[in-house]
Amino acid sequence: MINKNTIKKDFPIFKANPKLVYLDSAATTQKPQAVIDALVKHYENTNANIHRGIYEMSEQATKHYEEARAKIARFIGAQGARNIIFTRNTTEAVNLVAQSFARHHLKAGDEILLTVMEHHSNIVPWYLVAKEKKLKLRFVRITSDGTLDPKDLVAKATKKVKLAAFTHVSNVLGTVNPARDLVSFFHARGIPALIDGAQAVPHMSVDVSAMDCDFYAFSGHKMLAPTGIGVLYMKDKYLGSLPPFLGGGEMIRSVSETNVVFADAPAKFEAGTPAIEAAIALGAAVDYLEHIGMKNIERHEKELAQYTLEKLRQVPGVTVYGPTDMKRRSGAVAFNLKGIHPHDIASLLDEQNIAVRAGNHCAMPLHKFLGVPATCRISPYIYNTKKDIGVLYDALGDINKTMFGS
Ligand code: PLP
């Protein structure tokens, strides 16, 4: 359960700045004391490098790091800890698949199918590999309600498509894509599927086994954990066959002057010293989220999104983007106010201690498609309440008054 009256107390940032209305959690979330404590505890008690120390403290650090991996595997319904590869973030996870899978398995003329609502981190890694290997990127369009256009999807999922990569939840429109159905649709055509789960895992229960996706990527810092830790889930069938993305220590079994034998996955994909403390703290974040319950989180955010939409619709000159059907959307809401640049809205809101994001949110193709250069985005999380949305609503009213006297 979320205790709306006390949850903010778990987050020290709100003690430091009690007036803060933080509505930019899609960019990064605030951190609860439990996560900060896990980080500090590691440094204070078990700080050592992992996997190679023969001494007690290193073994402890290794144990905590591997326990975090197993916890994350359970949290997203992976077949086992072996399927969880620690990366720096979603971006690195997608790059890993682009370089290890697409670069080695796709050939000139093959297509990668994306959608127009992708974050740049699910476009640019494919662009880089496409340029090198002469692949083609195609983008599924969206309809006026901000959901994928089924006709365009069918038309573009041709035999030439050798990989589909799509976001589970849009970071701008809040659209929740039907991930499970999309994966079956692609698999029925022999197309493997990568899902960008950066905006899904923090907000809803995700079960990668039920979804049957081939790859699933997400970032720790968007789900209460520190920056510098992310996850790539990889299905068993790729663990042995894909080559590593980066080379170095930790990912090898043996090295000679003429040959290298790689370690088994997931170590094969984790070259060099990882963000040990951040992985352990991600484990603590998972504990915290599970304690509240992902269903409760989802319900809370839907309620907030519904309330946000209701309040925004009362603001003169507002345009709201994304689905109106609450079943198809999560908490993030993008909007514009007529005659005011989104950057001006964000800085005027900042004067009232309200943090929102303005710009293209690393989704330039989507904004081009919407026909606007930028939007303002409200993205609430577990620590936000209707009161926060009320403060935002009043502030938007003030902005309209200041600018237009109405
Ligand atoms: N995908 C989506 C949908 C996102 O919202 C973001 C970040 O906002 C990313 C990917 C990239 O995440 P990161 O910068 O943590 O790699």
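Counting convention: from 1, in listed order, for ligands and their atoms alike.
- Remark: the backbone N or O of Asp149 is not paired with any side-chain donor or acceptor of Asp152 at under 3.5 angstrom.
- Side-chain N or O atoms of Asn17 include none that pairs as donor or acceptor with a backbone N or O of Ile13 at under 3.5 Å.
- Both cation-pi conditions hold for Arg189 and Phe185: the charged atom is under 6.0 angstrom from the six-membered ring centre and inside a 45 degree cone around its axis.
- For the salt bridge (charged side-chain N to carboxylate O under 4.0 Å, His left out) condition, the pairs that include at least one residue of residues 20-45, sequence neighbours left out, are Asp24-Arg357, Asp24-Arg377.
- Residues satisfying the side-chain contact (heavy atoms from CB on, under 4.5 Å) criterion with Ile280, sequence neighbours excluded, are His42, His64, Ile276.
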Can you give me a line-by-line list of nitrogen or oxygen pairs between ligand 1 and the protein shorter than 3.5 Å?
from: ligand 1; atom 1: 1 (N); to: Asp196; atom 2: OD1; distance (Å): 3.2
from: ligand 1; atom 1: 1 (N); to: Asp196; atom 2: OD2; distance (Å): 2.5
from: ligand 1; atom 1: 5 (O); to: Gln199; atom 2: NE2; distance (Å): 2.6
from: ligand 1; atom 1: 8 (O); to: His119; atom 2: NE2; distance (Å): 3.4
from: ligand 1; atom 1: 8 (O); to: Lys222; atom 2: NZ; distance (Å): 2.6
from: ligand 1; atom 1: 15 (O); to: Ser219; atom 2: OG; distance (Å): 2.7
from: ligand 1; atom 1: 15 (O); to: His221; atom 2: NE2; distance (Å): 2.7
from: ligand 1; atom 1: 16 (O); to: Thr90; atom 2: N; distance (Å): 3.4
from: ligand 1; atom 1: 16 (O); to: Thr91; atom 2: N; distance (Å): 2.9
from: ligand 1; atom 1: 16 (O); to: Thr91; atom 2: OG1; distance (Å): 2.5

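- The side-chain hydrogen bond (donor to acceptor under 3.5 Å, both in side chains) search around Glu250 returns His51, Arg52, not counting sequence neighbours.
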